[in-house]
Amino acid sequence: MRVETPDRGAVAEPLPSEALGRRVSCDGERATVRYVGVVPPTAGLWLGVEWDDPKRGKHDGSHEGVRYFTCRFPTGGSFVRPKKASFGMSYVAALRQRYEGDVGCVDGEKLKISTRTVEMVGFEDLSKKKKIENLTSVSLRGCEVNGPGPENEVRQTTPNVVSLNLSGNLLCCWEDVASITKQLEGLQELQLSDNRLCIPADPQNLAHAFINLRVLALNSTAVIWSEVLRCAPMWPLLEELYVCENEITELHRPKNVLQNLKVLDLSKNSLAGGNELLNIAELPRLEKLNLSSTGLSTLQFNDVGHSSIMHCKRPLTLPHVVPSLEKLASLQQLSCHRNPLIEQDRTPETTRQLFIARIGQLQVLNKSEVMREERKGAELDYCKMFCVMWLGSGGNRDPELDRPSGEFVEQHPRFQSLIRKYGAPEEGELKKTTFALKNQLLSKFLMTNLLCGVCSRSMLDSMTVQKVKGLLYRLLKVSDSELKLTYTSSKVKIEMNNDLQPLAFYSIEDGDTVLVRCL
């Protein structure tokens, strides 16, 4: 295959200087110019472009046996005529188009006021100009911005901007971005998603342009983690970084960068494995980590305690996830929506109780607050569930003889502290516990009421509290009263105040007692 190099002498149509590497828009699709020249046997000038959407093109940069440029994907390239490509506009031009409209068209127009007609000459919409100068938040998403425009015009036009959205534009490198942001001294939030930015040779030299930046979004920018770390010296005070839906598969340890980071969004990146997280787990201020749709089947952390919020979506498995999450001593909120965490022998209620019991500081699980009574019940049931395993591994009710194996402690880091808190379950409790029942019949479910004494009823543990109350209304004939159910055992007393929860949620078993009160 013959390789064709760009022929600058063949340029017959006006193009921006240094068109190679510039970003263009064609029919609403963005691309990067990889070639400028002729493509025989056709006449005239062509632009060889690599599309952001790899399915948009027709080839990989070669045509009839000649390679003109290269693409990352086999269908990422095309040839387009220059007249079909837009190289964009300056920040200030896009700003005026977006926020002012065409002010000049007002001049010369006739305006009818009451019965008089007034010709508007030299009119300028001063209110709009004043409004632009006072803007603190500017969104130019998809406005084909390619740079700042005349020197200092950005500073003069929008001096008060704190939040700027430049997503989906035609910026081709970080130098272009810095030429805009250096004029916005108060800028704290910057969105650059859906751009393709070349990495600067010396990122540190551009740090002055992002000196106050706290929030940065680089979603869908085709970056890898090593490129993020190379750019990180530009953002010395960054607290939130969003790199969703990129090409991040491996995570490297940040060294002297991103040390102020509190929020990191890695969602929709195909991470190689849970051990990759070890490289970022020691970020000293990290509070929130989003791993949604990363394809992880395991999570692994060292004994660190920084993260307070975590979002995980499929596919993760409960035995691999929970021991690692227990090591995050400050984890307060956890979201596991659409995650097949439930093993075949556990219900969703059982899984919820396991998370609550094993993550001591957890306050919100799947957007539902963890109540004090719910935590106590979950922790007691957790102790009963794994007590036999604990005893078999060397655990003992006598603290002086209590020496569980290292394997048990690794799998259940919090178990020892719960035993010290509540005491080890007695033998009688171990024989009957199943943590959450498997849709079995409760044949000795006792209901105690001050008016009618004790009654015993058989019912499925899948029956909701609301249906139990309906049965009691008919049994007690108190349709005008409000019923209050309370589950009682030797160590716990829990109000059954959620009518939509099944009995299994409260771990009610054969022989347990529920107090019924009429209010």
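When reading the values below, keep in mind they use all heavy atoms of this one structure, side chains included, and skip hydrogens, waters and symmetry mates.
- Between N160 and T158, the side chains place no donor N or O within less than 3.5 Å of an acceptor N or O (distance only, hydrogens not considered).
- For D53 and R30, the salt-bridge test fails: no basic side-chain N is under 4.0 Å from an acidic carboxylate O.
- For the residue pair T32 and R23, a side-chain donor N or O sits within less than 3.5 Å of a side-chain acceptor on the partner.
- Here the two rings, on F69 and F79, have centers that are under 6.0 Å apart.
- In this structure, N260 and L237 approach most closely via the heavy-atom pair ND2-CA, 3.9 Å.
- Atom CG of residue L271 and atom CG of residue L251 lie 5.5 Å apart, to the nearest 0.5 angstrom.
- Taking the centre of each ring, F408 and F386 stay at or above the 6.0 Å mark.
- There is a side-chain donor-acceptor pair under 3.5 Å between T221 and N246.
- In terms of heavy-atom proximity, I280 sits nearest to L286 at O-CD2, 4.3 Å.
- Here the shortest heavy-atom pairing between A94 and V145 reads CB-CG2, 3.7 Å.
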For the pair L266 and L289, evaluate side-chain contact (heavy atoms from CB on, under 4.5 Å) and give the outcome as yes or no after the intermediate values.
CA-CA 7 Å; L266 292 169; L289 177 62; 4.2 Å; yes
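- Using a 4.0 Å cut-off between charged side-chain N and carboxylate O, R196 and E50 make no salt bridge.
- A salt bridge links R72 with E247: the closest approach of a Lys/Arg side-chain nitrogen to an acidic carboxylate oxygen falls below 4.0 angstrom.
- E144 and S86 get closest at one heavy-atom pair: OE1-OG, 2.7 Å.
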